[in-house]
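Each remark here refers to the structure printed beneath this line.
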Amino acid sequence: MDATELKNILTEAIKGEVTDEASARREASRDTSLFERMPALVAYPKDAGDVSALVKAIGQAHEKDPSVVLAARSGGTDMSGGPLTTGVVADFAKHMNHMGDVGADYAVTEPGVYYRDFEKATLEKGLILPSYPASREIAAMGGIVGNDAAGERTLGYGKTEKYLEELDVVLSDGSPATFKALSPEELEEKKKLETLEGQIYREMHVLLTENAALIEAHRPKVSKNSAGYALWSIKDPATGAFNLAKLICGSQGTLALWTKAKLSLVKPKEHRAMLVIFLHELTILPEIVKRVLKEKPESFESYDDHTFTLAVKFIPEMLSQMGFVKAARLGIDFLPEAALVATGGVPKLLLMAEFAEDTIEEADAKALAAEEALKDLNLQTKIEKNEKESEKYWIVRRESFNLLRKSLHGMHTAPFIDDFVVPPESYPDFLPKLYALINEYSSHFIYTIAGHIGSGNFHIIPLMDLSKEENRQVIFDLAPRVYELVIKEGGTTTGEHNDGIIRTPYLPMLFGAEMVSLFEKTKQIFDPQNIFNPGKKVGGTFEEIKRDMIKA
Ligand SMILES: Cc1cc2nc3c(=O)[nH]c(=O)nc-3n(C[C@H](O)[C@H](O)[C@H](O)COP(=O)(O)OP(=O)(O)OC[C@H]3O[C@@H](n4cnc5c(N)ncnc54)[C@H](O)[C@@H]3O)c2cc1C
C-alpha cells in the first residue's frame, strides 16, 4: 500500500491531522538514540476516540500490507529507538497534552503533557511525581510511563510504575480499556467479557499462574529495571491485586497505547543538604555506599573524572548558555573545586549524597552524620548546607550528557551501554573490570561515566565518529562484553532507558529463552497482529541495529 493511499484512509478515519510532509517525518525519524527510521506518515490524534479509530484503521490496512504498523511518540527523547518506525507515528504531543484533575495526592494526565508542565500543575498543590527523569525539561508523560522512567530521586522514592494507579488504554483492535488494580472477584468479572480485554485477562491470568515460579525466579534483583516485560509486577503479593497497568508501564508502546493516566504524587521534603565526596581510590567505594545509604539519602549520584575535567574546562561556555546571573554564581562557586584539583588531583569519582528533610537543621544533621560515618576512611569531603550551594554539582551531573556532546564536533553521542545496573556490593569486583574493558576500546570514542551510584545504575554515553565502520563495529563488540559482566554480577542491561532497538536483541542473554518465550506470548496475547511498535521488546535483531544506525 503506498503512503498516499494509507494517508487517505487514516485522514478519513480520524479527526486529527495525518501528514506525509518531509519535515514532520524527518523530526519523527529521530529520538536521542543511535538510530534513524523514516516513518511513512505521522498522525496527530485529537483524543482517545481518535486513537481508537487510528488503531482500527491501522489494523485493517495491516491485513493488506504487513508493513503498516504504529509507534507512539510523546516527547521523542527516548535513548533506545523506542518511538522510531518505518510505519506510522502516533504523535501525542500536539493535541493530547491536557492535564486533568490534580487531587490531594494524585494527578490525571494525557500522554502529551511535558513533565515540566505536569510538575507546574502538581506543584500548585505542593506535590510532585518523584520518579521524574533527568530529561525532565524535554520528556513527556507518554514516555515517562512508556519507559517506566526513573531519576535522581528514585533511590528514595522508586520508579514511575510505583505511582501509576490507573491507565486508560487503546488495545490492538482499537477497543478502549482501563487498567488498574483488580481484586480476585473483579478479575473474574473481567475474564467473562467477550472482548479483547476479556481475552487478555483470561490469557494473562493463565500465563502468570502456569509460570509463576519461572517469573518469580527472574524478578530483577537490582533496585531498578526496565528490561523485558514486567510480568513480576502484575500481581501484588501483599494484596493479591491483579494490575495490568503495571505491565503496560515500561512496555514502550508494544502492548497498548495509553491515553489517560492517574498517577499518585508525593509532597517533597522542603530542605536539602549535600555531602560531596571526592574519591581518588575506587576500592573503598562499596564501603562508602554502604555507610552513606544507612543514613537514607534522598539521592546518591556520581560523575567521573572525565566529566569533572570537562566541567572545569567548559564552564565558560556553560555559563553563557545558562544565563548570566546563575552562571556567574556557578563560575565563582566552582573556584574552590578547581583549587582542590590543583592540590589533590582530579578525583576519580565525585559522589553527591543529598539528604532531604522538613527542616534545614535535620537535613544538615543527616549530611553531617554521613560524613562522620566515613571519618576513618580519610576521604576528601565537603558539606553543602543548602540547595543553593549544591546547585553547581547538580548542574554538572544533569548536564554531563550535554557537556560531552558540546565538547567535540563531528562526533555523535552513542547510547549503547548507557543504562546498566549492578548491585552496589559488586563495585570492587565490577568497576575495575568495567574500566579495563572500556579502555580496550577507548581509541574509538571519548566517554564519561555518570550515574545513580546509590542504586548501581551507570550512564556511559560515549561520543563516537559513526561514519567509520570500525567505530560502529565497537558497538557490537563491546556491548555484549559489558552485559556479560553486568549479568554475572546479578545486574540488568537497563534500569530506566529501556530496550528499544538497541537492547531488545540482548533480552535472551539477560533473561534466557524460557522467559523470552513468555514475553513473546504476552505480546501475542495483547497484539496478535503485531501492529504496535514491532521489533521492540520482542523480535528485535542485531541486523536492525546495524541497518538503522546513524552513519553520518
Ligand atoms: C539527556 C537525557 C537524559 C535522560 N535521562 C533519563 C533519566 O534520568 N531517566 C529515564 O528514565 N530516562 C532518561 N532519558 C530517556 C528519556 O528521556 C525518558 O525515558 C523519557 O521518559 C521519555 O519520555 P518521552 O515522552 O520523550 O518518550 P518518547 O521518546 O516519546 O517515547 C518513549 C517510549 O514510550 C512509548 N510511548 C510514548 N507515548 C506513549 C503512549 N501514549 N502510549 C504507549 N507508549 C508510548 C514510545 O513508543 C517509546 O517506546 C534521558 C534522555 C536524555 C536525552
Side-chain angles (χ1 to χ4, degrees), residues 27-28 30-33 35 37 39 45 48 51 54-55 69-85 87 89-93 96-97 109-116 118 129 131-154 159-161 167-172 224-226 245 248-261 299 301 397-405 413 415 418-419 450-452 455 457 459 461 494-502 504 526-527 532-537:
E27 201 177 312
R30 295 288 316 277
D31 51 7
T32 61
S33 72
F35 303 105
R37 268 186 193 171
V51 179
L54 179 64
V55 171
V69 294
L70 188 63
R73 180 184 183 92
S74 291
T77 67
D78 193 292
M79 275 197 183
S80 70
L84 307 185
T85 179
V89 169
D91 181 314
F92 285 89
M96 295 186 64
N97 54 16
T109 181
E110 287 188 330
V113 174
Y114 283 90
Y115 181 77
R116 55 179 190 257
F118 177 88
L129 175 71
S131 61
Y132 63 80
S135 49
R136 48 178 286 146
E137 297 300 321
I138 49 175
M141 301 310 293
I144 287 179
V145 172
N147 278 345
D148 189 11
E152 62 206 24
R153 293 198 186 166
T154 291
K159 293 188 77 188
T160 300
E161 182 225 298
L167 206 57
D168 284 3
V169 298
V170 170
L171 301 174
S172 60
K224 55 209 301 214
N225 170 68
S226 274
I248 303 302
C249 190
S251 68
Q252 293 205 298
T254 61
L255 301 178
L257 305 191
W258 75 268
T259 56
K260 194 166 87 182
S299 50
E301 302 282 305
R397 168 67 186 88
R398 288 179 184 140
E399 289 292 312
S400 53
F401 178 71
N402 285 332
L403 260 172
L404 187 59
R405 201 152 55 159
T413 45
D418 47 298
D419 192 34
H452 312 288
S455 47
N457 186 196
H459 298 315
I461 305 172
T494 173
E496 17 181 78
H497 298 173
N498 222 301
D499 297 313
I501 300 171
I502 192 72
T504 293
F526 275 83
D527 181 19
F532 286 152
N533 215 0
K536 325 284 169 63
K537 293 286 179 185

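Both ligands and their constituent atoms are indexed starting at 1 by order of listing.
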message: Considering both backbone and side-chain atoms of Ala149, is one of its nitrogen or oxygen atoms within less than 3.5 Å of a nitrogen or oxygen in ligand 1?
response: no
- prompt: Can you find an N or O of Gly75 that's nearer than 3.5 Å to an N or O of ligand 1?
  reply: yes
message: Using side chain to side chain donor-acceptor pair (under 3.5 Å), reason through Ser455 and Asn457 one step at a time and then give a plain yes or no.
response: CA-CA 6 Å; Ser455 47; Asn457 186 196; 5.4 Å; no
- prompt: Any idea which atoms of ligand 1 are less than 4.0 Å away from a heavy-atom of Thr32?
  reply: 53 (C)
- request: Would you kindly specify which portion of Ala256 sits under 4.0 Å from ligand 1, judged on non-hydrogen atoms: side chain, backbone, both or neither?
  value: backbone
query: Is it true that Glu496 and Lys159 make a salt bridge, defined as a side-chain N closer than 4.0 Å to a carboxylate O?
result: no
message: Quick check on contacts: which atoms of ligand 1 are under 4.0 angstrom from a heavy atom of Gly82?
response: 47 (O), 48 (C), 49 (O)
message: Looking only at the side chains, is there a donor atom on one of Asn147 and Asp78 sitting less than 3.5 Å from an acceptor on the other?
response: yes
query: Does a side chain donor of either Ser80 or Gln252 reach within less than 3.5 Å of an acceptor in the other side chain?
result: yes
- prompt: Of the listed options (Trp258, Tyr132, Phe532), which comes nearest to atom 42 (N) of ligand 1 when hydrogens are ignored and any heavy atom counts?
  reply: Trp258
- line: For Arg153, the salt bridge (charged side-chain N to carboxylate O under 4.0 Å, His left out) test, sequence neighbours excluded, returns Glu298
- request: For Asn533, take its heavy atoms, then give the atoms of ligand 1 lying under 4.0 Å from any of them.
  value: 47 (O), 49 (O)
- line: Nearest heavy-atom approach of Asn498 to Gly250 is ND2-O, 3.0 Å
Atoms in ligand 1 with a heavy atom of Leu257 nearer than 4.0 Å: 42 (N), 43 (C)
statement: The option among Gly495, Ala71, Gly451, Gly142 carrying the non-hydrogen atom nearest to atom 36 (N) of ligand 1 is Gly142
- request: Would you mind listing which atoms of ligand 1 come within a distance below 4.0 Å of any non-hydrogen atom of Pro111?
  value: 41 (N)
His497 and His459 aromatic ring geometry - parallel, tilted or perpendicular at 30°/60° bounds: parallel
message: So, regarding Asp78 and ligand 1 (criterion: nitrogen or oxygen to nitrogen or oxygen, under 3.5 Å), is there a contact or not?
response: yes
message: At less than 4.0 angstrom from any non-hydrogen atom of Ala139, what atoms of ligand 1 do you find?
response: 20 (C), 23 (O), 26 (O)
field: Minimum non-hydrogen distance to atom 17 (O) of ligand 1, winning option of Thr77, Asp31, Thr259, Leu167
entry: Thr77
field: Residue among Asp31, Ile461, Asp419 satisfying side chain to side chain contact (heavy atoms under 4.5 Å, CB included) with Met79
entry: Ile461
message: Geometry only, no angles: is His459 polar-contacting ligand 1 at N/O separations under 3.5 Å?
response: no
statement: Shortest non-hydrogen pair, Leu129 vs Phe118, comes out as CB-CE2, 3.8 Å
message: Test your reading of the model: is there a side-chain donor-acceptor pair from Thr504 to the backbone of Ile501, 3.5 Å cut-off?
response: no
query: Which atoms from ligand 1 have a heavy atom of Gly253 less than 4.0 Å away?
result: 43 (C), 44 (N)
- prompt: Is a side-chain donor-acceptor pair under 3.5 Å present for Tyr114 with Glu137?
  reply: no
query: Which residue from Gly151, Gly500, Gly146, Cys249 reaches closest to atom 34 (O) of ligand 1 through any of its heavy atoms?
result: Gly146
- prompt: Going by distance only, is there an N or O of Arg73 that falls short of 3.5 Å from an N or O of ligand 1?
  reply: no
query: Counting both backbone and side chain atoms, is some N or O of Gly76 under 3.5 Å from an N or O of ligand 1?
result: yes
Polar proximity ligand 1 side, Asp148 side, N/O cut 3.5 Å exclusive: no
field: Donor-acceptor contact below 3.5 Å, side chain Lys224 vs main chain Gly495
entry: no
- line: Out of Ser251, Gly143, Gly81, Ser131, the nearest non-hydrogen contact to atom 21 (O) of ligand 1 is supplied by Gly143
query: How does His497 reach ligand 1, by side chain, by backbone, by both or by neither, if only non-hydrogen atoms under 4.0 Å count?
result: side chain
- prompt: Does an N or O from Ala140, backbone or side chain, lie closer than 3.5 Å to an N or O of ligand 1?
  reply: yes
message: Rounded at 0.5 Å granularity, tell me how far CG in Leu70 sits from CG in Asn533.
response: 8.5 Å
